[in-house]
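These numbers come from the heavy atoms of this one structure, side chains and all, not from hydrogens, waters or symmetry mates. So you know, we letter chains A, B, ... as the sequences are listed, proteins then strands, and number each from 1.
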Amino acid sequence: MWKFVVRRILIMIPQLVVLSVLVFILAKVMPGDALSGLVETPGVDSSTIEDMRTNLGINDPVHVQYLNWIKGLSQGDLGTSYIHQRPVLELLEARLWNTVYLSAAILFLTYLIAIPLGITAGRFHDSLVDKLIVGYNYVTYATPLFIFALLMLFVFGFQLQWFPTGGSTDINLEPETFSYYMDKIYHLLLPALSGALLATVGTIQYLRNEIIDTKMKDFIKTAKSKGVPEAKIYSHHILRNSFLPIAAFLGYEITGLITGSIFLESIFSYPGIGQLFLQSISQRDFSVVTALVMVTGVATLIGTLLSDIILSLVDPRIRVE
Amino acid sequence: MSVESSTSAEIPSNKLTGLKIMFNEFKKDKLAVASVIILLIIFISVFAGALILDQEEVVRVDLFSIYSPPTSEHLLGTDYGGRDILGQLIIGAKNSIIIGFVITVITGVFGFAVGLVSGYFGGMIDNIIMRIIDFIMILPFLMLVIVFITLIPKFNIVTFIMIMSAFLWVSNARLIRAKTLAEKELDYVSASKMLGASNIRIMYREILPNLTSIIIVNLTLSFAGNIGIESGLSFLGFGLPESTPSLGTLIGYSTNPEVLQGMWWIWLPPSLLILIMMLSINFIGQALKRSGDARQRLG
């Protein structure tokens, strides 16, 4: 077991190095630097800018810059945003929590919808309900998130006006009060629901297949002939086996959630890191862009690592490979 | 001599049966057949329309008819530059379909070749290739594509396709590798090896044909996916340049709340068109998947 965990972590180290080199190269290739905006400023002559460049370490050799950058990263220094004139970390912290809330809400709603549907489809497979659920799966699998989210916003936000059409909270509300938190949840609901309704495919399909496979097995037949009630067979014998991998898949969801947050946050003008990324890239605020790519890359790496380890705990066959 | 001729006559018919069964099965799925018809109608009208329309004419700004609702002159109204939506819809659909198709072909050919080599030879080659694939899979795909698109100075359709393909071949390679690993353990491969067939011949003439149905299904599904990714990027403003409209560009106008709320004719038709195309292609893909899999045949 430990051999697998150690090996899996060892695989991650070169990935981390290559990722950081790639992001660093990207940052270097990006046009302009921290100070190119000042070139046109009256009263700032080119020698002053050159001095500032040297002070910032932009004129150092590349490998020194890389090592300094890594050193900064490990201490939580993600650079400074030149548009906002603030450390990227500060900028990120405020937005990151919004994205975390959104992602958590999406995951919660996904499981809330997918688990009952998956169980129903598996338990009554080939029935009309099952066919409806499979049909829902086909449609949501094929629908692009941005179109679905737009339609949701148009119908429930603008036409029916059931939900707010943008932002993460009402600015008139006092923070830290009950109504403030309720309002935050209210703003989350529509984007989260749009994401969740399309994200259920994997879980429904997995649960349905698992249940259909398991309920044909001998130990279920034995339980049935012993007279164990149907409900107990499902809760104690079938679902217990199927739920653990679902929990383990969580880490793999991170990539999808980040991609989703870029679309959802831009459509619902929700102030999270997806929106920050799009804004920064159109303002050419590339220190924020590189920091975001690096942070999400590391998050994905850690997510897959955790999922792989949890899965290997649950299913010993994986460890052999 | 007679033995020779009889075997060579039998081989082509044997080869066909797998695909033939698949397509016979496919015909039984009414939803899939309907999807084929809908898709054909869309493709024919888009490409015929694009032949008649002049792209220059469509993207020319006309300040006298800005945000015009649907009229007899502009059947689907106009956008903020007074440009005809229907014309842009047709040209955009053409661009999206072609780009989705080209990306599918490039990622297919490259991904399948890499997967085949990796799975067939195994060992060191397989290890190296799989590490590279694993690495590309953990990269934040959408963010990196957007970064590349903003960085590249001469950004056009060709570079767009290259950037997308650089990331999207990996899933194809993974799939074919896994299938090749299983396939190469079978007796016919060892028999061919013993008879002295070259590796290239075994890979491309013997293993690959046995994976045809998987490849067709995979290409169909990724075609739909690629149209979705391309229009999604264009929607965010990081796809095709505005001079080559895509369906996503048209939907992107809806980021202006006034357009989303009051001018349905700009964003709704392209959204529905993408939705219908993706649903149809996916239905076809799923039906092909079922008919390729003996356990799921409708009988």
Report task. Flag the pair B:T150 / A:R284 as yes when at least one side-chain heavy-atom distance between them is below 4.5 Å, and no otherwise. Result -> yes

Query - Pairwise side-chain contact, A:L26 with B:L144, heavy-atom cut-off 4.5 Å (strictly under) - result: yes

Query - Pick from B:G225, B:S231, B:A224 with the largest number of heavy-atom pairs that fall under 4.5 Å of chain A - result: B:S231

**Report entry** Residue pair A:I258, B:L142: steps toward the side-chain contact (heavy atoms from CB on, under 4.5 Å) verdict
**Finding:** CA-CA 9 Å; A:I258 291 168; B:L142 191 69; over 6 Å; no

Report summary line: If you tally heavy-atom pairs under 4.5 Å between each of A:V18, A:T143, A:L301 and chain B, the highest tally belongs to A:V18

Query - Option that, when pairs with chain B are counted at under 4.5 Å, heavy atom only, ranks first among A:T255, A:I254, A:I262, A:L145 - result: A:I262

**Report entry** Part of A:I267 lying under 4.5 Å from any heavy atom of chain B
**Finding:** side chain

Report task. Find out whether B:L31 and A:Y138 are in side-chain contact, i.e. whether some heavy atom of one side chain is under 4.5 Å from a heavy atom of the other. Result -> no

Query raised in the report: Considering residues at least two apart in sequence or located in another chain, which fulfil the side-chain hydrogen bond (donor to acceptor under 3.5 Å, both in side chains) criterion with A:T290?
Result: none

Query raised in the report: Heavy-atom distance under 4.5 Å to chain B: side chain of A:L22, backbone, both or neither?
Result: side chain

Query raised in the report: What do you reckon, is CZ of B:R174 surrounded by more than 12 foreign heavy atoms closer than 6.0 Å?
Result: no

Query raised in the report: Is the closest side-chain heavy-atom distance between B:N282 and A:V139 below 4.5 Å?
Result: no

Query - Over 12 non-hydrogen atoms of neighbours within 6.0 angstrom of NZ in B:K184 - result: yes

Query - When A:F154, A:Y141, A:Y252 are compared by non-hydrogen pairs under 4.5 Å with chain B, the top option - result: A:F154

Query - Proximity breakdown for B:F141 and chain A, heavy-atom pairs closer than 4.5 Å - result: neither

Requested in this report: Answer whether the closest heavy-atom distance between the side chains of A:L19 and B:F135 falls below 4.5 Å.
Outcome: yes

Query - Pairwise side-chain contact, B:L233 with A:F146, heavy-atom cut-off 4.5 Å (strictly under) - result: no

Requested in this report: Indicate the atoms forming the closest heavy-atom contact of A:A142 with B:M278, along with that distance.
Outcome: O-CE, 3.0 Å

Query raised in the report: At a heavy-atom separation under 4.5 Å, does A:T304 approach chain B through its side chain, its backbone, both, or neither?
Result: side chain

**Report entry** pair A:S266-B:L236: side-chain heavy atoms closer than 4.5 Å
**Finding:** yes

Query - Engaged part of A:V289 at the chain B interface, taking heavy atoms whose separation is under 4.5 Å - result: side chain

Query raised in the report: For B:L268, is it the side chain, the backbone, both, or neither that has a heavy atom closer than 4.5 Å to a heavy atom of chain A?
Result: side chain

Query raised in the report: What do the steps show when you test A:L150 against B:F235 for side-chain contact (heavy atoms from CB on, under 4.5 Å), and what is the final call?
Result: CA-CA 11 Å; A:L150 263 183; B:F235 165 77; 3.9 Å; yes

Report summary line: Per side-chain contact (heavy atoms from CB on, under 4.5 Å), A:I147 is matched among B:L272, B:L273, B:L275 by B:L275

Query raised in the report: Take atom CZ in B:F43; do more than 12 heavy atoms of anything else shown fall under 6.0 Å from it?
Result: yes

Requested in this report: Identify which of B:V147, B:T255, B:L139, B:I229 forms the greatest number of heavy-atom pairs closer than 4.5 Å to chain A.
Outcome: B:V147

Query - B:M143 side, atom CE; A:L292 side, atom CG - distance, nearest 0.5 Å - result: 5.0 Å

Query raised in the report: Can you tell which of B:F283, B:F238, B:W267 has the highest number of heavy-atom pairs within less than 4.5 Å of chain A?
Result: B:W267

